[in-house]
Amino acid sequence: MKPSTILPLFLLLAAAALPAQAPRTPVSPSAGYALARIALSGSEAARRQAAGKLAASGDPAWIAPLVDALFFLQADEREPVLAALRTLAGEDPGPRYHDWVELVGRRTGLVPPPGYLDWKGQLFGRIDPHYRALFQPAAMALLRPEEIVWGGVHFDGIPALDEPPHVPADAEHGLDEREEVFGLSLGGEQRAYPLRYVSWHEVVNDTLGGKPVVLTYCALCRSGIAWSAKNLTGGRHTFATSGLIYHSDKLMVDRATQTLWLQITGEPVLGPLAAKPAPLAMLPLTLTTWGAWKRLHPDTSVLQLTAAFGARWGYRYTPGAADLAREGVSFPVWQRSRLLEQSELVFGLRLLTNAKAWPVSKVTAEAVLNDRLGDTDLVLLGDPDSRAVRAYRRTGHTFKADPDPSTVLDEAGRPWHVTEESLLPPAGAENDKPLPRLPGHVAFWFAWFGFHPQTEVGGKP
(Lines give C-alpha, C1' and ligand atoms only; values in the text may rest on other atoms or scores of the structure.)
Protein backbone atom coordinates (compact mmCIF):
# COMPACT_ATOMS: atom_id res chain seq x y z
CA MET A 1 0.00 0.00 0.00
CA LYS A 2 1.33 3.41 -0.91
CA PRO A 3 1.96 5.80 1.99
CA SER A 4 -0.40 8.33 0.41
CA THR A 5 -3.35 5.96 0.90
CA ILE A 6 -2.73 5.21 4.58
CA LEU A 7 -4.15 8.45 6.03
CA PRO A 8 -7.44 8.41 4.06
CA LEU A 9 -8.05 4.80 5.03
CA PHE A 10 -7.34 5.60 8.67
CA LEU A 11 -9.84 8.45 8.63
CA LEU A 12 -12.51 6.21 7.09
CA LEU A 13 -12.01 3.59 9.79
CA ALA A 14 -12.10 6.22 12.54
CA ALA A 15 -15.28 7.75 11.16
CA ALA A 16 -16.95 4.36 11.04
CA ALA A 17 -16.14 3.85 14.73
CA LEU A 18 -17.91 7.07 15.80
CA PRO A 19 -21.52 6.87 16.99
CA ALA A 20 -24.04 8.22 14.54
CA GLN A 21 -25.22 11.74 15.37
CA ALA A 22 -28.84 11.86 16.45
CA PRO A 23 -31.04 13.54 13.86
CA ARG A 24 -32.16 17.04 14.77
CA THR A 25 -35.83 17.89 15.05
CA PRO A 26 -36.28 21.66 14.68
CA VAL A 27 -39.11 23.36 16.56
CA SER A 28 -40.87 26.62 15.68
CA PRO A 29 -40.68 29.58 18.09
CA SER A 30 -44.27 29.10 19.24
CA ALA A 31 -43.84 25.36 19.75
CA GLY A 32 -40.46 25.88 21.43
CA TYR A 33 -41.75 28.38 23.98
CA ALA A 34 -44.68 26.08 24.68
CA LEU A 35 -42.20 23.28 25.40
CA ALA A 36 -40.13 25.62 27.61
CA ARG A 37 -43.25 26.38 29.65
CA ILE A 38 -43.90 22.67 30.13
CA ALA A 39 -40.23 22.13 31.08
CA LEU A 40 -40.74 24.81 33.69
CA SER A 41 -44.03 23.84 35.27
CA GLY A 42 -45.32 20.47 34.08
CA SER A 43 -45.16 17.10 35.81
CA GLU A 44 -41.76 15.45 36.11
CA ALA A 45 -42.41 13.20 33.13
CA ALA A 46 -43.78 16.12 31.08
CA ARG A 47 -40.80 18.32 32.00
CA ARG A 48 -38.37 15.64 30.96
CA GLN A 49 -40.14 15.04 27.64
CA ALA A 50 -40.43 18.77 26.82
CA ALA A 51 -36.79 19.48 27.69
CA GLY A 52 -35.76 16.47 25.63
CA LYS A 53 -37.57 17.80 22.57
CA LEU A 54 -35.80 21.16 22.88
CA ALA A 55 -32.48 19.33 23.22
CA ALA A 56 -33.30 17.26 20.14
CA SER A 57 -33.79 20.46 18.14
CA GLY A 58 -30.03 20.99 18.32
CA ASP A 59 -30.72 24.74 18.22
CA PRO A 60 -28.57 26.70 20.71
CA ALA A 61 -31.02 29.60 20.42
CA TRP A 62 -33.06 27.79 23.09
CA ILE A 63 -30.25 28.07 25.65
CA ALA A 64 -31.33 31.50 26.93
CA PRO A 65 -35.02 30.61 27.46
CA LEU A 66 -34.01 27.40 29.24
CA VAL A 67 -31.57 29.32 31.47
CA ASP A 68 -34.44 31.64 32.40
CA ALA A 69 -36.56 28.62 33.27
CA LEU A 70 -33.74 27.25 35.41
CA PHE A 71 -34.11 30.17 37.82
CA PHE A 72 -37.70 29.24 38.61
CA LEU A 73 -37.04 25.55 39.28
CA GLN A 74 -36.14 23.99 42.61
CA ALA A 75 -32.78 22.24 42.82
CA ASP A 76 -34.39 18.78 42.67
CA GLU A 77 -36.45 19.77 39.61
CA ARG A 78 -33.64 21.10 37.43
CA GLU A 79 -32.06 18.00 35.92
CA PRO A 80 -34.24 17.74 32.76
CA VAL A 81 -33.52 21.38 31.89
CA LEU A 82 -29.85 21.04 32.82
CA ALA A 83 -29.55 17.96 30.60
CA ALA A 84 -31.06 19.89 27.67
CA LEU A 85 -28.73 22.82 28.33
CA ARG A 86 -25.66 20.58 28.40
CA THR A 87 -26.69 19.05 25.06
CA LEU A 88 -27.35 22.40 23.39
CA ALA A 89 -24.28 24.15 24.83
CA GLY A 90 -21.81 21.30 24.45
CA GLU A 91 -20.39 22.05 27.89
CA ASP A 92 -21.39 21.96 31.52
CA PRO A 93 -20.62 25.01 33.70
CA GLY A 94 -22.44 23.33 36.60
CA PRO A 95 -25.87 23.39 38.22
CA ARG A 96 -25.86 27.07 39.25
CA TYR A 97 -28.19 29.45 37.43
CA HIS A 98 -25.67 32.32 37.53
CA ASP A 99 -22.99 30.18 35.88
CA TRP A 100 -25.34 29.50 32.98
CA VAL A 101 -26.14 33.21 32.68
CA GLU A 102 -22.40 33.85 32.38
CA LEU A 103 -22.21 31.21 29.64
CA VAL A 104 -24.95 33.08 27.76
CA GLY A 105 -22.96 36.28 28.22
CA ARG A 106 -19.74 34.80 26.87
CA ARG A 107 -21.52 33.48 23.78
CA THR A 108 -22.23 36.86 22.29
CA GLY A 109 -23.50 35.33 19.04
CA LEU A 110 -26.40 33.52 20.72
CA VAL A 111 -29.73 35.03 19.69
CA PRO A 112 -32.93 33.75 21.32
CA PRO A 113 -35.87 32.79 19.07
CA PRO A 114 -38.42 35.48 18.12
CA GLY A 115 -40.80 36.23 20.98
CA TYR A 116 -38.11 36.24 23.65
CA LEU A 117 -39.10 39.55 25.28
CA ASP A 118 -42.67 38.34 25.71
CA TRP A 119 -41.36 35.08 27.18
CA LYS A 120 -39.13 36.94 29.64
CA GLY A 121 -41.87 39.38 30.60
CA GLN A 122 -44.38 36.63 31.29
CA LEU A 123 -41.81 34.66 33.24
CA PHE A 124 -40.59 37.58 35.36
CA GLY A 125 -44.22 38.59 35.78
CA ARG A 126 -44.42 35.68 38.20
CA ILE A 127 -42.12 37.70 40.46
CA ASP A 128 -43.85 41.05 39.97
CA PRO A 129 -46.60 41.95 37.45
CA HIS A 130 -44.78 45.23 36.67
CA TYR A 131 -42.15 43.27 34.73
CA ARG A 132 -44.64 42.35 32.02
CA ALA A 133 -44.83 46.04 31.10
CA LEU A 134 -41.03 46.39 30.99
CA PHE A 135 -40.47 43.46 28.62
CA GLN A 136 -42.87 44.48 25.87
CA PRO A 137 -42.61 42.21 22.79
CA ALA A 138 -41.84 45.14 20.47
CA ALA A 139 -39.58 47.03 22.88
CA MET A 140 -36.27 48.40 21.62
CA ALA A 141 -33.35 46.70 23.37
CA LEU A 142 -29.83 48.15 23.38
CA LEU A 143 -28.49 45.37 25.55
CA ARG A 144 -28.94 41.61 25.60
CA PRO A 145 -32.13 41.10 27.61
CA GLU A 146 -31.22 37.44 28.10
CA GLU A 147 -28.52 38.67 30.52
CA ILE A 148 -30.97 40.59 32.71
CA VAL A 149 -31.51 38.85 36.04
CA TRP A 150 -33.70 39.54 39.03
CA GLY A 151 -31.89 41.32 41.86
CA GLY A 152 -33.95 39.93 44.73
CA VAL A 153 -36.20 42.98 45.32
CA HIS A 154 -39.52 43.76 43.67
CA PHE A 155 -40.21 46.65 41.31
CA ASP A 156 -39.68 49.88 43.31
CA GLY A 157 -38.84 47.62 46.23
CA ILE A 158 -35.92 49.90 47.15
CA PRO A 159 -37.77 53.19 47.74
CA ALA A 160 -36.25 56.14 45.90
CA LEU A 161 -35.96 59.47 47.69
CA ASP A 162 -37.95 62.28 46.05
CA GLU A 163 -36.91 65.81 47.02
CA PRO A 164 -35.74 64.55 50.43
CA PRO A 165 -35.31 66.90 53.40
CA HIS A 166 -31.98 68.62 53.97
CA VAL A 167 -30.57 70.84 56.71
CA PRO A 168 -27.74 73.38 56.98
CA ALA A 169 -24.25 72.14 57.78
CA ASP A 170 -24.38 73.54 61.32
CA ALA A 171 -27.70 71.85 62.17
CA GLU A 172 -27.90 68.75 64.33
CA HIS A 173 -27.45 65.79 61.97
CA GLY A 174 -25.31 63.29 63.88
CA LEU A 175 -22.67 62.90 61.15
CA ASP A 176 -19.10 62.03 62.06
CA GLU A 177 -16.29 64.03 60.46
CA ARG A 178 -14.87 60.84 58.88
CA GLU A 179 -18.18 59.66 57.51
CA GLU A 180 -18.42 59.25 53.72
CA VAL A 181 -20.67 61.57 51.74
CA PHE A 182 -21.28 62.36 48.10
CA GLY A 183 -20.75 66.06 47.51
CA LEU A 184 -22.50 67.87 44.65
CA SER A 185 -22.17 71.51 43.60
CA LEU A 186 -24.54 73.00 41.03
CA GLY A 187 -25.83 76.47 40.24
CA GLY A 188 -23.97 78.02 43.15
CA GLU A 189 -25.45 75.59 45.68
CA GLN A 190 -23.77 72.66 47.42
CA ARG A 191 -25.28 69.60 49.06
CA ALA A 192 -23.88 66.54 50.81
CA TYR A 193 -25.57 63.14 50.52
CA PRO A 194 -24.38 60.83 53.32
CA LEU A 195 -23.60 57.33 52.13
CA ARG A 196 -25.49 55.96 55.16
CA TYR A 197 -28.72 57.03 53.40
CA VAL A 198 -27.80 56.70 49.74
CA SER A 199 -26.55 53.12 50.15
CA TRP A 200 -30.03 52.06 51.26
CA HIS A 201 -32.21 54.07 48.86
CA GLU A 202 -29.88 54.06 45.81
CA VAL A 203 -31.86 56.70 43.86
CA VAL A 204 -32.29 60.33 44.95
CA ASN A 205 -34.46 62.57 42.75
CA ASP A 206 -33.58 66.09 43.84
CA THR A 207 -33.28 69.74 42.82
CA LEU A 208 -30.03 71.65 43.35
CA GLY A 209 -29.23 75.15 42.17
CA GLY A 210 -32.67 75.25 40.60
CA LYS A 211 -31.89 72.27 38.35
CA PRO A 212 -33.27 68.72 38.42
CA VAL A 213 -30.70 66.08 39.33
CA VAL A 214 -30.68 62.40 40.15
CA LEU A 215 -28.04 60.79 42.33
CA THR A 216 -27.79 57.07 41.66
CA TYR A 217 -25.90 54.42 43.58
CA CYS A 218 -25.26 50.75 42.88
CA ALA A 219 -24.07 49.00 46.02
CA LEU A 220 -22.90 46.00 43.98
CA CYS A 221 -20.59 48.19 41.88
CA ARG A 222 -19.81 50.79 44.57
CA SER A 223 -20.66 53.39 41.95
CA GLY A 224 -22.28 56.67 42.95
CA ILE A 225 -23.06 58.95 40.00
CA ALA A 226 -24.93 62.23 39.64
CA TRP A 227 -26.83 63.04 36.47
CA SER A 228 -28.80 65.95 35.09
CA ALA A 229 -32.42 64.79 35.19
CA LYS A 230 -33.57 67.24 32.53
CA ASN A 231 -35.34 65.49 29.66
CA LEU A 232 -35.53 66.41 25.98
CA THR A 233 -38.83 68.26 26.34
CA GLY A 234 -37.55 70.55 29.08
CA GLY A 235 -39.20 68.57 31.86
CA ARG A 236 -37.49 66.14 34.17
CA HIS A 237 -36.93 62.43 34.49
CA THR A 238 -37.68 60.82 37.82
CA PHE A 239 -36.27 57.39 38.49
CA ALA A 240 -37.01 54.36 40.61
CA THR A 241 -35.37 51.01 41.19
CA SER A 242 -36.56 48.26 38.85
CA GLY A 243 -35.24 45.36 40.94
CA LEU A 244 -33.42 44.05 37.85
CA ILE A 245 -29.67 43.63 37.37
CA TYR A 246 -27.43 43.60 34.29
CA HIS A 247 -23.76 42.63 34.62
CA SER A 248 -24.11 43.25 38.37
CA ASP A 249 -25.25 46.86 37.78
CA LYS A 250 -28.69 48.03 38.80
CA LEU A 251 -31.22 48.88 36.12
CA MET A 252 -33.18 52.02 36.93
CA VAL A 253 -36.58 52.77 35.48
CA ASP A 254 -37.95 56.19 34.62
CA ARG A 255 -41.45 56.51 35.93
CA ALA A 256 -42.97 58.30 32.95
CA THR A 257 -42.10 55.84 30.17
CA GLN A 258 -41.12 52.65 32.04
CA THR A 259 -37.81 52.57 30.17
CA LEU A 260 -34.92 50.70 31.79
CA TRP A 261 -31.64 52.63 32.20
CA LEU A 262 -28.14 51.45 33.11
CA GLN A 263 -27.04 53.10 36.33
CA ILE A 264 -23.34 53.09 35.47
CA THR A 265 -23.65 54.64 32.00
CA GLY A 266 -26.85 56.70 32.25
CA GLU A 267 -28.18 55.17 29.03
CA PRO A 268 -31.75 54.06 28.23
CA VAL A 269 -31.41 50.42 27.20
CA LEU A 270 -34.83 48.76 27.07
CA GLY A 271 -38.15 50.39 26.34
CA PRO A 272 -39.61 53.44 24.58
CA LEU A 273 -36.69 55.84 25.16
CA ALA A 274 -34.17 53.28 23.88
CA ALA A 275 -35.62 53.79 20.38
CA LYS A 276 -34.00 57.24 20.20
CA PRO A 277 -31.49 57.05 23.05
CA ALA A 278 -30.42 60.28 24.74
CA PRO A 279 -28.03 59.43 27.60
CA LEU A 280 -28.16 61.49 30.77
CA ALA A 281 -25.48 64.14 31.21
CA MET A 282 -23.10 63.19 34.02
CA LEU A 283 -22.33 65.81 36.67
CA PRO A 284 -19.10 66.11 38.68
CA LEU A 285 -19.68 64.30 41.98
CA THR A 286 -17.17 63.86 44.80
CA LEU A 287 -17.00 60.90 47.16
CA THR A 288 -15.34 62.40 50.22
CA THR A 289 -15.75 62.74 53.97
CA TRP A 290 -18.26 64.97 55.71
CA GLY A 291 -15.48 66.89 57.46
CA ALA A 292 -13.57 67.59 54.24
CA TRP A 293 -16.70 68.64 52.33
CA LYS A 294 -17.90 70.90 55.14
CA ARG A 295 -14.52 72.63 55.41
CA LEU A 296 -14.56 73.41 51.69
CA HIS A 297 -18.23 74.38 51.67
CA PRO A 298 -19.33 75.71 55.06
CA ASP A 299 -22.64 76.85 53.53
CA THR A 300 -23.50 73.38 52.22
CA SER A 301 -26.77 71.70 53.01
CA VAL A 302 -26.89 68.01 53.88
CA LEU A 303 -29.50 65.31 53.32
CA GLN A 304 -31.04 64.19 56.60
CA LEU A 305 -33.45 61.33 57.24
CA THR A 306 -34.90 60.15 60.54
CA ALA A 307 -34.49 56.72 62.07
CA ALA A 308 -38.29 56.39 62.04
CA PHE A 309 -38.35 56.99 58.29
CA GLY A 310 -35.82 54.23 57.69
CA ALA A 311 -37.65 51.84 60.01
CA ARG A 312 -40.58 51.81 57.58
CA TRP A 313 -38.46 49.57 55.33
CA GLY A 314 -36.29 47.99 57.99
CA TYR A 315 -33.35 50.27 57.20
CA ARG A 316 -30.83 51.13 59.89
CA TYR A 317 -29.20 54.45 59.05
CA THR A 318 -25.73 53.81 60.43
CA PRO A 319 -22.53 53.82 58.34
CA GLY A 320 -21.90 50.44 56.73
CA ALA A 321 -25.25 48.90 57.72
CA ALA A 322 -26.46 48.57 54.11
CA ASP A 323 -23.20 46.93 53.01
CA LEU A 324 -23.45 44.47 55.88
CA ALA A 325 -27.02 43.56 54.90
CA ARG A 326 -25.89 42.82 51.32
CA GLU A 327 -22.65 41.05 52.22
CA GLY A 328 -21.91 38.11 49.93
CA VAL A 329 -24.52 39.08 47.31
CA SER A 330 -23.20 38.84 43.74
CA PHE A 331 -24.56 38.55 40.22
CA PRO A 332 -23.25 37.25 36.88
CA VAL A 333 -20.36 39.16 35.30
CA TRP A 334 -18.60 37.27 32.53
CA GLN A 335 -16.23 39.99 31.32
CA ARG A 336 -13.36 40.44 33.78
CA SER A 337 -9.77 41.68 33.79
CA ARG A 338 -6.89 40.74 36.07
CA LEU A 339 -5.03 43.99 35.55
CA LEU A 340 -6.34 45.05 38.97
CA GLU A 341 -8.02 43.30 41.86
CA GLN A 342 -11.75 42.91 41.15
CA SER A 343 -12.75 44.99 44.19
CA GLU A 344 -10.08 47.66 43.68
CA LEU A 345 -11.69 51.09 43.84
CA VAL A 346 -10.95 53.07 40.68
CA PHE A 347 -11.80 56.52 39.45
CA GLY A 348 -13.22 56.11 35.96
CA LEU A 349 -13.50 58.71 33.25
CA ARG A 350 -15.11 58.44 29.82
CA LEU A 351 -14.68 61.03 27.08
CA LEU A 352 -16.51 60.22 23.85
CA THR A 353 -15.34 56.70 22.96
CA ASN A 354 -12.29 56.73 25.24
CA ALA A 355 -12.27 55.40 28.78
CA LYS A 356 -9.64 55.24 31.47
CA ALA A 357 -9.49 54.20 35.11
CA TRP A 358 -7.04 55.06 37.85
CA PRO A 359 -6.73 53.23 41.18
CA VAL A 360 -8.00 55.61 43.84
CA SER A 361 -5.12 54.60 46.10
CA LYS A 362 -2.61 55.68 43.44
CA VAL A 363 -4.23 59.06 42.78
CA THR A 364 -4.55 59.92 46.47
CA ALA A 365 -0.94 58.88 47.11
CA GLU A 366 0.31 61.07 44.24
CA ALA A 367 -2.00 64.00 45.16
CA VAL A 368 -1.51 65.47 41.66
CA LEU A 369 -1.38 63.20 38.60
CA ASN A 370 -0.98 64.66 35.11
CA ASP A 371 -2.27 62.32 32.41
CA ARG A 372 -4.04 62.12 29.07
CA LEU A 373 -7.19 60.46 27.73
CA GLY A 374 -7.60 60.40 23.97
CA ASP A 375 -6.83 63.93 22.79
CA THR A 376 -7.52 65.48 26.19
CA ASP A 377 -4.82 66.52 28.64
CA LEU A 378 -6.12 66.18 32.17
CA VAL A 379 -5.01 66.33 35.76
CA LEU A 380 -6.35 64.29 38.67
CA LEU A 381 -6.25 65.71 42.18
CA GLY A 382 -6.39 63.27 45.06
CA ASP A 383 -6.81 63.99 48.76
CA PRO A 384 -4.97 61.36 50.84
CA ASP A 385 -7.03 62.23 53.92
CA SER A 386 -10.58 62.09 52.50
CA ARG A 387 -9.66 59.87 49.50
CA ALA A 388 -11.56 62.29 47.24
CA VAL A 389 -10.59 62.39 43.55
CA ARG A 390 -11.37 65.21 41.14
CA ALA A 391 -10.40 65.52 37.45
CA TYR A 392 -9.90 68.67 35.38
CA ARG A 393 -8.71 69.60 31.92
CA ARG A 394 -5.14 70.93 31.99
CA THR A 395 -4.86 72.31 28.46
CA GLY A 396 -1.24 73.39 27.95
CA HIS A 397 -0.31 73.11 31.64
CA THR A 398 1.45 70.66 33.93
CA PHE A 399 0.57 70.83 37.61
CA LYS A 400 2.17 69.82 40.88
CA ALA A 401 1.05 69.87 44.50
CA ASP A 402 1.10 73.02 46.60
CA PRO A 403 1.42 72.98 50.40
CA ASP A 404 -1.86 74.88 50.36
CA PRO A 405 -4.44 72.19 49.46
CA SER A 406 -6.81 74.78 48.04
CA THR A 407 -4.41 75.44 45.14
CA VAL A 408 -2.14 73.59 42.71
CA LEU A 409 0.97 74.99 41.05
CA ASP A 410 1.48 75.11 37.29
CA GLU A 411 4.78 74.67 35.42
CA ALA A 412 5.73 78.27 36.24
CA GLY A 413 4.98 77.85 39.94
CA ARG A 414 1.80 79.93 39.75
CA PRO A 415 -1.09 78.94 42.02
CA TRP A 416 -4.43 77.86 40.51
CA HIS A 417 -7.42 77.80 42.84
CA VAL A 418 -9.28 74.46 43.10
CA THR A 419 -13.09 74.66 43.00
CA GLU A 420 -15.77 72.05 42.40
CA GLU A 421 -16.45 73.46 38.93
CA SER A 422 -12.96 74.33 37.63
CA LEU A 423 -9.36 75.27 38.27
CA LEU A 424 -9.26 79.08 38.42
CA PRO A 425 -6.18 80.81 36.96
CA PRO A 426 -3.90 83.05 39.03
CA ALA A 427 -5.05 86.60 39.59
CA GLY A 428 -4.04 88.83 36.73
CA ALA A 429 -3.39 85.97 34.30
CA GLU A 430 -5.26 87.48 31.38
CA ASN A 431 -4.30 84.77 28.88
CA ASP A 432 -5.48 81.86 31.03
CA LYS A 433 -9.05 80.66 31.29
CA PRO A 434 -10.61 78.44 33.95
CA LEU A 435 -9.96 74.76 33.33
CA PRO A 436 -13.29 72.90 33.62
CA ARG A 437 -13.85 69.88 35.78
CA LEU A 438 -14.43 66.53 34.10
CA PRO A 439 -17.23 64.29 35.42
CA GLY A 440 -15.95 60.88 36.50
CA HIS A 441 -16.90 58.52 39.28
CA VAL A 442 -15.59 55.86 41.64
CA ALA A 443 -16.47 52.17 41.16
CA PHE A 444 -15.09 48.70 41.74
CA TRP A 445 -12.66 47.68 39.00
CA PHE A 446 -14.79 44.72 37.87
CA ALA A 447 -17.77 47.03 37.35
CA TRP A 448 -15.85 49.66 35.41
CA PHE A 449 -14.19 47.05 33.18
CA GLY A 450 -17.47 45.21 32.61
CA PHE A 451 -18.94 48.24 30.86
CA HIS A 452 -15.69 49.67 29.44
CA PRO A 453 -13.69 46.60 28.33
CA GLN A 454 -11.46 48.75 26.09
CA THR A 455 -10.48 50.95 29.03
CA GLU A 456 -6.96 52.09 29.67
CA VAL A 457 -5.50 51.92 33.17
CA GLY A 458 -3.58 54.91 34.43
CA GLY A 459 -1.29 55.37 37.37
CA LYS A 460 -0.34 51.71 37.70
CA PRO A 461 2.65 50.99 39.98
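Along the sequence shown, the residues carry numbers beginning at 1.
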Stepwise, does the side-chain contact (heavy atoms from CB on, under 4.5 Å) test hold for Leu351 with Leu438? CA-CA 9 Å; Leu351 298 176; Leu438 298 170; 4.3 Å; yes
Heavy-atom pair with the smallest gap, counting every atom of [X] and [Y]:
X	Y	result
Trp150	Phe124	N-CE2, 3.9 Å
Thr286	Ala388	CG2-CB, 3.7 Å
Glu146	Tyr116	CA-OH, 3.1 Å
Trp293	Ser185	CH2-N, 4.4 Å
Ala447	Ile264	O-CD1, 3.9 Å
Ser199	Arg326	O-NH1, 2.7 Å

Sequence neighbours left out, what pairs pass salt bridge (charged side-chain N to carboxylate O under 4.0 Å, His left out) with at least one residue falling in [range]?
range	answer
residues 269-283	none
residues 297-310	none
residues 108-124	Asp68-Lys120
residues 213-226	Glu180-Arg222

Could you label the plane-to-plane angle of the [X] and [Y] rings as parallel, tilted or perpendicular, counting under 30° as parallel and over 60° as perpendicular?
X	Y	result
Phe451	His247	tilted
His452	Trp448	parallel
Phe155	Tyr131	perpendicular

Would Arg196 and Tyr317 count as a cation-pi pair here, with the cationic atom under 6.0 angstrom from the ring centre and within 45° of the axis? no
Any side-chain donor near an acceptor of the partner, [X] and [Y], under 3.5 Å:
X	Y	result
Thr257	Thr259	yes
Arg393	Thr395	no
Asp128	His130	yes
Thr289	Arg178	no
Arg295	Ser386	no

Which distance, rounded to the nearest 0.5 Å, do you find between the [atom1] of [X] and the [atom2] of [Y]?
X	Y	atom1	atom2	result
Leu380	Lys356	CG	NZ	9.5 Å
Asp156	Thr241	CG	OG1	7.0 Å
Leu381	Thr407	CG	OG1	10.5 Å
Leu85	Leu66	CG	CG	5.0 Å
Leu283	Glu421	CG	CD	11.0 Å
Leu285	Phe182	CG	CZ	6.0 Å

Which residues pass the salt bridge (charged side-chain N to carboxylate O under 4.0 Å, His left out) test with Arg390, sequence neighbours left out? Glu420
List the residues meeting salt bridge (charged side-chain N to carboxylate O under 4.0 Å, His left out) with Arg387, not counting sequence neighbours, and say none if there are none. none
Do [X] and [Y] come close enough that some side-chain heavy atom pair is under 4.5 Å?
X	Y	result
Asp249	Leu220	no
Pro194	Leu303	yes
Phe71	Val101	no

Are the side chain of [X] and the backbone N or O of [Y] linked by a donor-acceptor pair below 3.5 Å?
X	Y	value
Glu189	Gly209	yes
Arg78	Leu70	yes
Trp119	Gln122	no
Arg372	Gly374	yes
Arg394	Phe399	no

Holding to side-chain contact (heavy atoms from CB on, under 4.5 Å), I want the full list of residues that pass it with [X], two or more places apart in sequence or in another chain.
X	value
Glu102	Arg106, Pro332, Trp334
Ala278	Leu232
Arg126	Leu40, Ser41, Phe72, Leu123
Ala274	Met140, Leu142

Under the ring-ring contact (aromatic ring centres under 6.0 Å, His included) test against His201, which residue among Tyr315, Tyr217, Phe239 passes? Tyr315
Should we say atom CD of Gln342 is surrounded by more than 12 heavy atoms from elsewhere, each under 6.0 Å from it? yes
Residues, nucleotides or ligands: over 12 heavy atoms within 6.0 Å of Glu172 CD: no
Taking 4.0 angstrom as the limit, do Arg236 and Asp254 come out as a salt bridge? no
Evaluate the side-chain contact (heavy atoms from CB on, under 4.5 Å) criterion for residues Leu251 and Val269: first the C-alpha distance (whole Å), next the side-chain angles of each, then the deciding distance (0.1 Å), finally the verdict. CA-CA 9 Å; Leu251 286 166; Val269 290; 4.0 Å; yes
With sequence neighbours left out, what residues match Arg350 under side chain to side chain donor-acceptor pair (under 3.5 Å)? none
List the residues meeting side chain to side chain donor-acceptor pair (under 3.5 Å) with Asp432, not counting sequence neighbours, and say none if there are none. His397, Arg414
Any chance you could lay out the side-chain contact (heavy atoms from CB on, under 4.5 Å) test for Asp371 and Glu456, step after step, and finish with the verdict? CA-CA 12 Å; Asp371 209 333; Glu456 301 176 60; over 6 Å; no
Dump the intermediate steps for ring-ring contact (aromatic ring centres under 6.0 Å, His included) on His173 and Trp290, then the final yes or no. CA-CA 11 Å; His173 40 61; Trp290 168 239; 5.1 Å; yes
Trp62 ring center within less than 6.0 Å of Tyr33 ring center: yes
Test side chain to side chain donor-acceptor pair (under 3.5 Å) applied to Thr216 and Lys250, Gln263, Glu202, His441, the passing residue: Gln263
